[in-house]
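Below: one structure, written as structure tokens.
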Amino acid sequence: MSIHPELPKAYDACAVEERWQAHWRDEDHYFSRDSDRPRFIIDTPPPYPTGNFHIGNALNWCYIDFFARFKRMQGFNVMFPQGWDCHGLPTEVKVEEQQGITKNDVPREEFRRLCRELTEKNIDLMRRTMRRMAFSIDWSNEYVTMQPAYYRKTQASFLRMLREGYIYRSEHPVNFCTRCETAIAFAEVQYEGRTTKLNFFDFDGVEIATSRPELLAACVAVAVHPEDERYTPLANRTLRVPLFGHDVPVIRDEAVDPAFGSGAVMICTFGDKQDVVWWKTHDLDLRPAIDSTGHMTALAGEYEGMTAPECREAILGAMADAGILKRQEPLEQRVGTCWRCKTPIEILSERQWFVRVDPKAILAAARELRWVPDHMLLRMEDWVGKMEWDWCISRQRIFATPIPVWFCRDCGEMVLPSVTDLPIDPTRDQPKVPCPACGSTRFEGETDVLDTWMDSSISVLNVTGWDGIAPRPPLFPAQIRPQGHDIIRTWAFYTILRSLALTGEKPWEQILVNGMVLGEDGFKMSKSRGNIIAPEEILGKYGADALRQWAAAGAATGSDIQFNWNDVVAASRFQTKLWNIARFSLLQLRKGGVDESAAMGLLADRWLLARLSACVAEVTEAMEGYQFDRGLKAIREFAWEVLADEYIELVKGRLYGEGEGRAGAVRTLDTTLDVLCRLLAPFIPSFAEEVFSQLGRGSVHAQSWPDFTFDDPLALGDGEVVARIVAELRRFKHEQGMALNAPLGEVTVMAPRAIDDGGDAGRALNAIVHWQVGTQGMSRELVDVKFDKAVVGKNLRKDAAAFMDAVKALPKEVLASPVSSVVVNGVDVPVPEGAFAPVYATLVGGEQVDVVTVGDVLVTVRRSP
RNA sequence: GGGCUCGUGGUCUAGCGGUUAUGACGUCGCCCUUACACGGCGAAGGCCACCGGUUCGAUCCCGGUCGAGCCCA
């Protein structure tokens, strides 16, 4: 891109961003497999292709892009891959909706094709937004979990875990969505509040309260608390279930709450998780009354075929007719629902596939990671501590990775494919060899498919180069996992579990957890609240760089962040300010060019470079700690307050002139602009590139992270004095109603040491400035003492207040010279070093002048007539 | 019900055991100073949620109360 002779007056962020995005090449961000630079592999989240890259994603990816670009500039061999977690219910549901069908209306393969097509379309939409955000994604490492190249590995990982005993098949109660007709894992159960009725009825002479009368046919016991005296006579009895007539035992269990309902509870298979616990510990019968489609089974007799709600009403009616329904009370309860369709889940006993969960091992691995912020580890610990059931990984759906298993029709033997034959679909493909047990060639393919988390929990194995066959991926483990705290219990948990099972190691070195984006009203964004902000809306109005600044500075990394248009607007204004700084600087640079040998020797130049050096150090430290807010704010402060408001104002006089002073300022500006662009590059890549390109040194994204250091404590201190004198005198002018560029007359600066500002202050103030050491011609009077409470408190402890009172009470002539000790409460106490300093008021004899003080520097102003 | 995080000018937000508590937006006043009015200079606005405790000293540490958000049961 050529250097523009004239920079446009206004910065058009959207136009600039689109221009650079068209210019940059994907190859610029490719990970190099044969490099010996240190690796930095990111286990990027593979989003679910909904077609909508939402603002929460945007925040997450901004963080990733900030450190990916930073690490790249630091010389790391960065891999910022991008995956797509395609399988699962949401897409199936969407296809059913769009096509007006259910999964059973079309052949399996046809249904899959429809899902794949929708997914492809959605991925395209999301890719577009991600490119517009200027994320430096390595598209050569893109993966799509629904493609054979990926799910082959999912299947391979399944087979290995099956062979090694991590995966087993068994009949066990599972969470089941009868609308989706599939088992789901606990992580997929969402609890919602609702009001229902608690029904009190006569159960063979005992009053029972239940919220689920439709499960009466599934009743297998009645439970009471062992110390509930009301029910002592029931011990060891059996009761006859009303309407159905089968006998059930009365059991005693501590978990029964005597205060709830009537204190007697019927146990059904299964009304809730507690029923499962009782069923197991008391070895009760299994009476499944609801089937996998949500209809009553034959066990329900005359109610067979009804849906559960229909059955509930019918049974309540029958109870009323029989005169056993006593009363009904409203009941607030939390009901488990399917995360996808909100249908209340049932617990059904089904033959399913499970992954063994070893909470201890997972916890140990989780604790080996560096968690940012560290308290997020607690969420993992909480979740793991509560694990009760193994992970149910089988789903009775279609658009998912098939479970690669056949069963022999003749002897029932489980037959597995060879890893090299993967991927397979056992409902379509046949084993290549006869049944090893009986020699039969008749097989039944497993129709169950895998939980989508089985795909995404090996994302890290995939990006670190696993081929599905090697014992371990060549680049394993990855350096970092960035993700939201909402999926700690799922994606992070399952990934650790799978990595341990497949490699024996933790999956990453660190995990960076980002917060949720809340709406402007402070609540989680949701359609029902109408507080959703789409990234595209921000991109269209203010551009990607402004949105990225919001992500960086809107809140501390890891905490939830409230969306705020103000921050976006402020970000955009900062870019305008930066643009004007750049325009001014570049204009100066081009008038005669930059003399690379010019001395940057004047105080203001050295001061600016020292401040720049401090800024680089702070930003670097902030980036290392993922404190993007701190990093960006340090840059803003430096650019706006130090560079624009102070330095440039100080050196304008020199720049408008000729000679060495101008050459030094020009070179200082050139250096500063160069470093500033590099600091900005991770945050606002398009802006940084636009300005840096003007310097004619190539792409800023090909530069190294600045290691600029300029150590000059004296210039740092004296420069500060000069900058503050100028600021104070500007304020003075303002207070006197003078224009800021009006002549100020004569100014005398009296400092404790010699300061040479090279004339900058005088030019900036339009004044004649005399510098002198000491305060000849003035007198001063001690009026107060100023204490350093950190020193006083540490040394005097309880006596601090008395000490300060005693010092204040000393005669002024004593305080004027150093005091070595002071009497506190009758005791002679030595004065600690630096405990206090005298404070003087200035008295000016003779001619009337105004006085401005800057720390220990006095400035007198004799205004021009 | 449990866990986590948080409560800072009107709004959002940074921060720290010790001078005058950070910044942004908003408000008000002055200024079109040859980079920038999307700007400059300045002003007002805070019992740092409340109550106890530790400490010479607490917005910060500890305990409790109240409130909010998130995650979970």
Side-chain angles (χ1 to χ4, degrees), chain A residues 7 9-11 13 186-187 189-191 272-274 334 336 373 375-383 385-386 388 484-490 515-516 518-524 542 549-550 553-556 558-588 627 629-630 632-634 636-637 640-641 643-645 648-649 652 655-656 669 727 729-735 737-742 764-766 786-804 836-837 839:
Chain A
L7 290 118
K9 196 163 180 194
Y11 181 71
F186 263 108
V189 178
Q190 221 169 56
Y191 291 84
D272 60 20
K273 214 173 139 190
Q274 183 60 48
R334 308 284 292 178
H375 66 81
M376 289 296 177
L377 170 60
L378 284 168
R379 299 208 176 192
M380 176 66 84
E381 291 177 332
D382 277 0
W383 176 247
K386 279 190 290 213
E388 288 174 34
H485 62 62
D486 53 333
I487 51 174
I488 288 176
R489 70 198 169 102
T490 49
M516 300 290 104
L518 309 176
E520 282 203 287
D521 55 6
F523 292 96
K524 190 173 165 176
Y542 296 96
Q549 282 194 64
W550 162 80
S559 61
D560 288 351
I561 171 170
Q562 194 164 328
F563 180 75
N564 188 350
W565 280 107
N566 281 347
D567 290 344
V568 179
V569 173
S572 170
R573 284 192 196 161
F574 176 51
Q575 282 162 209
T576 302
K577 186 71 188 181
L578 281 171
W579 181 244
N580 283 296
I581 292 170
R583 273 178 66 219
F584 176 81
S585 305
L586 288 164
L587 188 73
Q588 299 304 327
Q627 296 173 289
D629 60 325
R630 197 183 135 209
L632 182 56
K633 281 173 183 170
R636 280 187 193 172
E637 188 191 326
W640 205 315
E641 286 161 37
L643 175 59
D645 292 348
I648 288 180
E649 292 305 323
K652 263 182 182 171
L655 288 167
Y656 294 154
L669 279 179
L729 288 174
R730 274 205 217 127
R731 185 213 302 265
F732 172 81
K733 278 184 168 179
H734 178 261
E735 279 165 2
M738 303 166 70
L740 289 178
N741 61 346
L765 291 164
N766 195 5
K786 200 175 73 172
F787 294 96
D788 185 336
K789 289 184 182 160
V791 174
V792 176
K794 212 187 308 173
N795 287 284
L796 281 298
R797 315 299 292 180
K798 282 188 200 297
D799 295 327
F803 171 82
M804 291 191 285
F836 64 88
V839 176

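In what follows, chains carry the letters A, B, and so on, assigned in the order in which the sequence lines appear, proteins first and then strands, with residues in each chain numbered from 1. Predicted model only: the values in this text are computed from it and were never measured.
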What nucleotide among B/rC38, B/rA14, B/rC36 has an atom nearest to a side-chain atom of A/A556?
B/rA14
Compare the minimum distances between each of B/rC12, B/rC25, B/rG40 and the side chain of A/N564, then state the nucleotide with the smallest one.
B/rC12
Over all strands shown, is [X] touching base, sugar-phosphate only, or nothing at heavy-atom distances under 4.0 angstrom?
{"X": "A/K794", "value": "base"}
{"X": "A/I581", "value": "base"}
{"X": "A/D645", "value": "sugar-phosphate"}
{"X": "A/I648", "value": "base"}
{"X": "A/W550", "value": "nothing"}
{"X": "A/E649", "value": "base"}
{"X": "A/K652", "value": "base"}
{"X": "A/R379", "value": "base"}
{"X": "A/A801", "value": "nothing"}

Quick one: are A/K798 and A/F803 in side-chain contact, heavy atoms under 4.5 Å?
no
Would you say [N] has OP1 or OP2 under 4.0 Å from some side-chain N or O of [X]?
{"X": "A/K524", "N": "B/rC71", "result": "yes"}
{"X": "A/K577", "N": "B/rG40", "result": "yes"}
{"X": "A/Y656", "N": "B/rU33", "result": "no"}
{"X": "A/R573", "N": "B/rA37", "result": "no"}
{"X": "A/K789", "N": "B/rG18", "result": "no"}

Go ahead and name the base partner of [N]; Watson-Crick or wobble counts if both distances stay under 3.5 Å, otherwise write none.
{"N": "B/rA24", "result": "B/rU11"}
{"N": "B/rG39", "result": "B/rC31"}
{"N": "B/rG1", "result": "B/rC72"}

Under the criterion side chain to side chain contact (heavy atoms under 4.5 Å, CB included), which of A/L518, A/V568, A/D521 is the partner of A/F563?
A/V568
So among A/L586, A/L669, A/L643, which one has a side chain to side chain contact (heavy atoms under 4.5 Å, CB included) with A/I581?
A/L643
Between A/R583 and A/M376, name the one whose nearest nucleotide on RNA chain B is closer to the 5' end.
A/M376
Given atom [atom1] of [X] and atom [atom2] of [N], what is their separation to the nearest angstrom?
{"X": "A/D629", "N": "B/rA24", "atom1": "CG", "atom2": "P", "result": "15 Å"}
{"X": "A/D567", "N": "B/rU11", "atom1": "CG", "atom2": "C1'", "result": "11 Å"}
{"X": "A/R630", "N": "B/rG23", "atom1": "CZ", "atom2": "P", "result": "17 Å"}
{"X": "A/F787", "N": "B/rU19", "atom1": "CZ", "atom2": "C1'", "result": "12 Å"}

